[in-house]
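Let me begin by presenting the structure, written as structure tokens, before commenting on it.
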Amino acid sequence: MPMAASTPQDQLHPSMRSKRSPKEEAPVLAAFLCFAVLCLGWIATMMYKGIIRDMDNKPVECSVELVEAKGLGRPAISPDAESPAIKLLVHVNNRHVFGMDHDGGSVVVSYAGVPLARGSTPAFFVGKKKTVTLAEDATSEGVGVLEDLLRLMLQERRSGVAQLEIDLLLFDQLYTCSVDLDGQIRAGRCNKLNIIYSS
């Protein structure tokens, strides 16, 4: 049986037979380069957005405004003494780039380190870059103020330096604030303490 005549292509080495010409490789190379450029562009965009997000993401700020303070003028032994009752407005400024849920917390009002009244903060949600104002009531089960503490308070009120100390538990973080007991502007910015509470 006669052998089929071999062609010049059959006589080439296998690796040489499968080799593509430059004209055939150009579209593949162009597609690969386009894909690589798109991937690098996507990575660069994500990195840029992350940097901008981090720059725009700032911690929560809050301040407290004293609306009314009752029951701070009589000693506990006085027959007409009242229970301390403090009304506050708490301003919460969420400077994060995401909304935050608050599941409830507490507020303690003190003078010279002695607690006068306690209350609770309600649950709420504050959106990203939004503010919310809460009305807070802090009361005491006791009646009046300890005599020595009242004497110090009256002395400092006459000097215009009397301040209430407020501790707020918000978003499982403790904030401490000071507000003037007297005067026209009775508001103060709160500072976050490096204490995290977990339930």
Side-chain angles (χ1 to χ4, degrees), residues 58-96 99-199:
K58 298 175 182 177
V60 171
E61 287 183 344
C62 64
S63 61
V64 169
E65 181 181 348
L66 176 61
V67 177
E68 187 178 44
K70 291 183 177 180
L72 304 181
R74 297 284 187 273
I77 59 174
S78 175
D80 55 350
E82 299 178 82
S83 297
I86 316 293
K87 290 184 180 293
L88 305 168
L89 286 179
V90 179
H91 307 283
V92 180
N93 180 13
N94 178 21
R95 303 192 303 158
H96 286 302
M100 297 186 70
D101 277 303
H102 174 61
D103 295 328
S106 62
V107 56
V108 179
V109 181
S110 306
Y111 192 87
V114 179
L116 297 174
R118 299 176 185 272
S120 59
T121 57
F124 64 88
F125 173 81
V126 57
K128 64 179 183 179
K129 303 295 181 180
K130 299 292 183 180
T131 59
V132 65
T133 298
L134 311 169
E136 296 290 335
D137 291 333
T139 58
S140 172
E141 295 180 359
V143 177
V145 182
L146 295 176
E147 192 169 358
D148 290 342
L149 183 63
L150 180 62
R151 190 179 300 114
L152 173 64
M153 185 185 298
L154 293 175
Q155 179 182 348
E156 291 187 339
R157 293 184 84 164
R158 283 193 293 268
S159 303
V161 296
Q163 286 191 327
L164 292 175
E165 303 147 8
I166 295 119
D167 292 330
L168 287 167
L169 185 58
L170 293 171
F171 307 113
D172 295 326
Q173 296 281 346
L174 183 63
Y175 293 82
T176 182
C177 336
S178 297
V179 295
D180 290 339
L181 190 50
D182 300 297
Q184 294 182 345
I185 302 176
R186 297 191 292 180
R189 184 176 174 179
C190 304
N191 296 313
K192 184 175 74 171
L193 301 182
N194 293 324
I195 300 174
I196 300 176
Y197 289 84
S198 59
S199 55

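Position 1 is the first residue of the sequence, and the numbers go up from there.
- A donor-acceptor contact shorter than 3.5 Å is absent between the side chain of His96 and the backbone of Pro59.
- Electrostatic pairing of Glu61 and Arg189 counts as a salt bridge here, judged by a charged N lying under 4.0 Å from a carboxylate O.
- A donor-acceptor pair under 3.5 Å is absent between the side-chain atoms of Lys70 and the main chain of Pro84, judged by distance alone.
- Looking at Arg186, its side chain never comes within 3.5 Å of a backbone N or O of Asp180 through a donor-acceptor pair.
- Residues Asp167 and Thr176 have side chains that bring a donor and an acceptor to within less than 3.5 angstrom of each other.
- Ser63 and His91 form no side-chain donor-acceptor contact under 3.5 Å, judged by distance and modelled atom types alone.
- Cys190 does not pair with Cys62 as a disulfide, the SG atoms being 2.5 Å or more apart.
- One finds the CD1 atom of Ile166 at 7.0 Å from the CG atom of Leu66 (value rounded to the nearest 0.5 Å).
- You'll find the side chain of Val60 reaches within 4.5 Å of the side chain of Tyr175, heavy atoms only.
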Derivation of the side chain to side chain contact (heavy atoms under 4.5 Å, CB included) call for Phe171 and Asn94: CA-CA 11 Å; Phe171 307 113; Asn94 178 21; over 6 Å; no
Could you tabulate the donor-acceptor pairs under 3.5 Å formed by side-chain atoms of residues 106-123, not counting sequence neighbours?
from   : atom 1 : to     : atom 2 : distance (Å)
Tyr111 : OH     : Glu156 : OE1    : 2.3
Thr121 : OG1    : His102 : NE2    : 3.0
Thr121 : OG1    : Gly105 : N      : 2.7

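- In this structure, Leu72 CG and Leu154 CG are separated by 9.5 Å, a value rounded to the nearest 0.5 Å.
- Between Leu174 and Lys192, every side-chain heavy-atom pair lies at or beyond the 4.5 Å cut-off.
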Stepwise side chain to side chain contact (heavy atoms under 4.5 Å, CB included) check, Phe124 with Val132: CA-CA 9 Å; Phe124 64 88; Val132 65; 3.7 Å; yes
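- Here the CG atom belonging to Leu170 is positioned 9.5 Å from the CE atom belonging to Met100, to the nearest 0.5 angstrom.
- When atom types are taken as modelled, the side chain of Arg157 and the backbone of Ala162 share no donor-acceptor pair closer than 3.5 angstrom.
- Leu168 is listed as a side-chain neighbour of Val90, based on a closest heavy-atom distance under 4.5 Å.
- Closest of all the heavy-atom pairs between Gly71 and Val145 is O-CG2, 3.7 Å.
- Taking NZ from Lys58 and CG from Asn93, the interatomic distance works out to 10.5 Å, rounded to the nearest 0.5 Å.
- Once rounded to the nearest 0.5 Å, the distance linking CG of Asp103 with CG of Asp172 reads 7.0 Å.
- From Gln163, atom CD reaches atom OG of Ser178 across 5.0 Å, with rounding to the nearest 0.5 Å.
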